[in-house]
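Report on the structure given below.
Naming: A, B, ... by sequence-line order, numbering from 1 per chain.
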2 protein chains.
Amino acid sequence: MELSPTAKVICGMIAFGRRTGYEIKQFVDKTTSNFWSASYGQIYPELKRLEDQGLVVGREEPTGERARTVYDLTPAGQAALEEWLTADRVLIDESRDEGMLKLFFSDVVPEQRIENIRAMRAVHERKLAVLRGIEEQTRFVRTGPYLTLQLGIGVTEFVINWCEETERRLLAEES
Amino acid sequence: MELSPTAKVICGMIAFGRRTGYEIKQFVDKTTSNFWSASYGQIYPELKRLEDQGLVVGREEPTGERARTVYDLTPAGQAALEEWLTADRVLIDESRDEGMLKLFFSDVVPEQRIENIRAMRAVHERKLAVLRGIEEQTRFVRTGPYLTLQLGIGVTEFVINWCEETERRLLAEES
DNA sequence: ATCCTCATGTAACCCGTTACATGATTAA
DNA sequence: TTAATCATGTAACGGGTTACATGAGGAT
């Protein structure tokens with residue numbers, strides 16, 4: 001059973017512990033959103049589809065009067081997840097970085113170039129602060145999340161340094 | 001006139017020199033695809049819309065019997081492009097990196113972790129080779145494309161190094 | 001001749017976000 | 001008591017990819 005893009009995060013998150021749709025969204029925002037995000041508009045319908053396909057089971061566990069469905073992986077779901085994780089297929093690798101695009105076209109308005117780089121740096125500084133926050137408040141029982149966080153931090157720092165150096169260099173060249 | 005996402009690359013590419021839809025696609029693939037891509041299915045309809053909005057003008061310049069429409073920016077198009085480049089708005093920053101997602105969930109199948117990292121490295125090594133190819137075969141009169149290429153190369157190298165180091169570390173810890 | 005590149009386009013589909021709607025529970 | 005958080009959902013919309021269709025020109 002081939003997993004759809006969003007099914008990959010959903011099943012992975014459930015494999016890390018039974019969860020509600022709401023919790024899946026929280027975890028995605030807190031942990032993978034840097035390289036893989038998901039919205040409620042995808043998560044809830046996808047959970048239904050996964051249940052139809054027999055990859056997950058939802059159990060009603062309301063909090064008082066408040067409806068609440070907790071999902072578990074079925075053996076088929078676990079198998080599909082493992083198949084995906086071990087398969088040697090072409091990996092999705094998409095990115096849309098408007099800061100980079102503006103820098104690319106910055107010769108159209110050259111006076112703005114330094115400003116473009118500063119804006120890029122600001123984006124990455126905010127990102128770094130978020131990642132550092134996660135780093136602090138999380139106990140890493142699992143290595144996967146730890147590794148991706150470290151790589152995320154490393155790349156972000158690299159970009160910030162590059163922005164700083166480039167800004168300095170461009171300012172020096174101006175004079 | 002607010003530019004749609006795809007209109008940003010299209011107008012930028014035309015600002016760098018009058019082009020056909022086909023040429024825009026070639027340039028995008030060769031230069032920005034690392035952080036911003038576009039398909040024919042977007043480019044041709046978008047060029048029509050931009051012409052309706054008066055931001056570009058298409059001129060018929062066939063090659064013999066072969067139809068060919070070359071686009072130029074109108075003053076309004078140039079203005080819209082400059083407005084976008086100078087505006088201080090929230091920047092689109094999206095990414096979907098399946099290699100990272102697999103690494104994140106690699107505790108589900110821990111024996112596979114090293115393999116996941118190798119696959120990630122392979123992706124980035126291919127990417128680096130492509131970027132280095134562009135670096136060689138291109139004369140950089142313009143700084144924007146040069147800067148984004150350098151940053152792309154730097155980040156890619158950083159990721160490759162991280163993968164190598166992490167792989168070594170994990171192998172050492174195994175024993 | 002044949003194949004690659006140039007060149008333009010569209011239709012079906014997939015996917016995903018945004019905004020909205022609703023309501024219970026808990027913390028301040 | 002009021003605001004934040006927990007919790008579930010959907011409909012409209014926008015955007016983008018893939019696959020297909022077509023054909024001319026240039027190179028081998």
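- The interatomic distance linking A:K25 (NZ) with C:dG16 (P) rounds to 13 Å, in whole Å.
- Distance, A:E46 CD to C:dC14 P: 13 Å, rounded to whole Å.
- Among the atoms of the strands shown, none is found under 4.0 Å from any heavy atom of A:S4.
- C:dG16 atom C1' lies 11 Å from atom CZ of A:R49, rounded to whole Å.
- Ranked by how close their nearest DNA chain C nucleotide is to the 5' end, B:R96 and B:G41 are led by B:G41.
- Residues B:W84 and B:F35 share a hydrophobic cluster, clusters being chains of Ile/Leu/Val/Met/Phe/Trp/Tyr side chains in contact below 4.5 Å.
- Atoms NZ (A:K30) and P (D:dT5) sit 13 Å apart, rounded to a whole Å.
- Note on B:G64: only backbone sugar-phosphate atoms sit closer than 4.0 angstrom, heavy atoms only; bases stay farther off.
- Ion pairing of A:E167 with A:R118 is present here, as a side-chain N (NZ or NE/NH1/NH2) and a carboxylate O approach within less than 4.0 Å.
- Closest approach of B:L85 and A:Q112 over heavy atoms only: O-OE1, 3.3 Å.
- If you check every strand for non-hydrogen atoms under 4.0 Å, B:P62 touches nothing.
- Taken to the nearest 0.5 Å, the NZ atom of A:K25 stands 10.5 Å off from the OH atom of A:Y22.
- In this structure, of D:dT17, C:dT10, C:dT17, it is D:dT17 that holds the atom nearest to the side chain of B:S37.
- Atoms CD (B:E2) and C1' (D:dG15) sit 15 Å apart, rounded to a whole Å.
- At a threshold of 4.0 angstrom between heavy atoms, the contacts of A:Q42 include nucleobase atoms, whether or not backbone atoms are also involved.
- In this structure, a donor-acceptor pair under 3.5 Å is present between the side chains of A:T143 and B:R113.
- Taking atom CH2 of A:W36 as the reference point, atom P of C:dT17 lies 11 Å away to the nearest angstrom.
- Between A:F16 and B:F105, the angle of the ring planes goes over 60°, which puts this pair in the perpendicular group of the 30/60° scheme.
- In this structure, B:R59 places its CZ atom 17 Å from P of C:dA7, rounding to the nearest Å.
- Computed from coordinates, the B:E60 CD to D:dA24 C1' distance equals 15 Å when rounded to whole Å.
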Review item, nucleotides 6-8 of chain D N/O atoms under 3.5 Å of protein N/O:
unit_1: D:dC6; atom_1: OP2; unit_2: A:Y22; atom_2: OH; d: 2.9
unit_1: D:dC6; atom_1: O3'; unit_2: A:R66; atom_2: NH1; d: 3.2
unit_1: D:dC6; atom_1: O2; unit_2: A:R66; atom_2: NE; d: 3.2
unit_1: D:dA7; atom_1: OP1; unit_2: A:R68; atom_2: NE; d: 2.7
unit_1: D:dT8; atom_1: OP1; unit_2: A:T69; atom_2: N; d: 2.7
unit_1: D:dT8; atom_1: OP1; unit_2: A:T69; atom_2: O; d: 3.4
unit_1: D:dT8; atom_1: OP2; unit_2: A:G21; atom_2: N; d: 3.4
unit_1: D:dT8; atom_1: OP2; unit_2: A:Y22; atom_2: N; d: 3.1
unit_1: D:dT8; atom_1: OP2; unit_2: A:Y44; atom_2: OH; d: 3.0

Practice item. Could you go through the side-chain contact (heavy atoms from CB on, under 4.5 Å) check for A:W162 and B:L147 one step at a time? Key: CA-CA 10 Å; A:W162 184 91; B:L147 291 173; 4.0 Å; yes
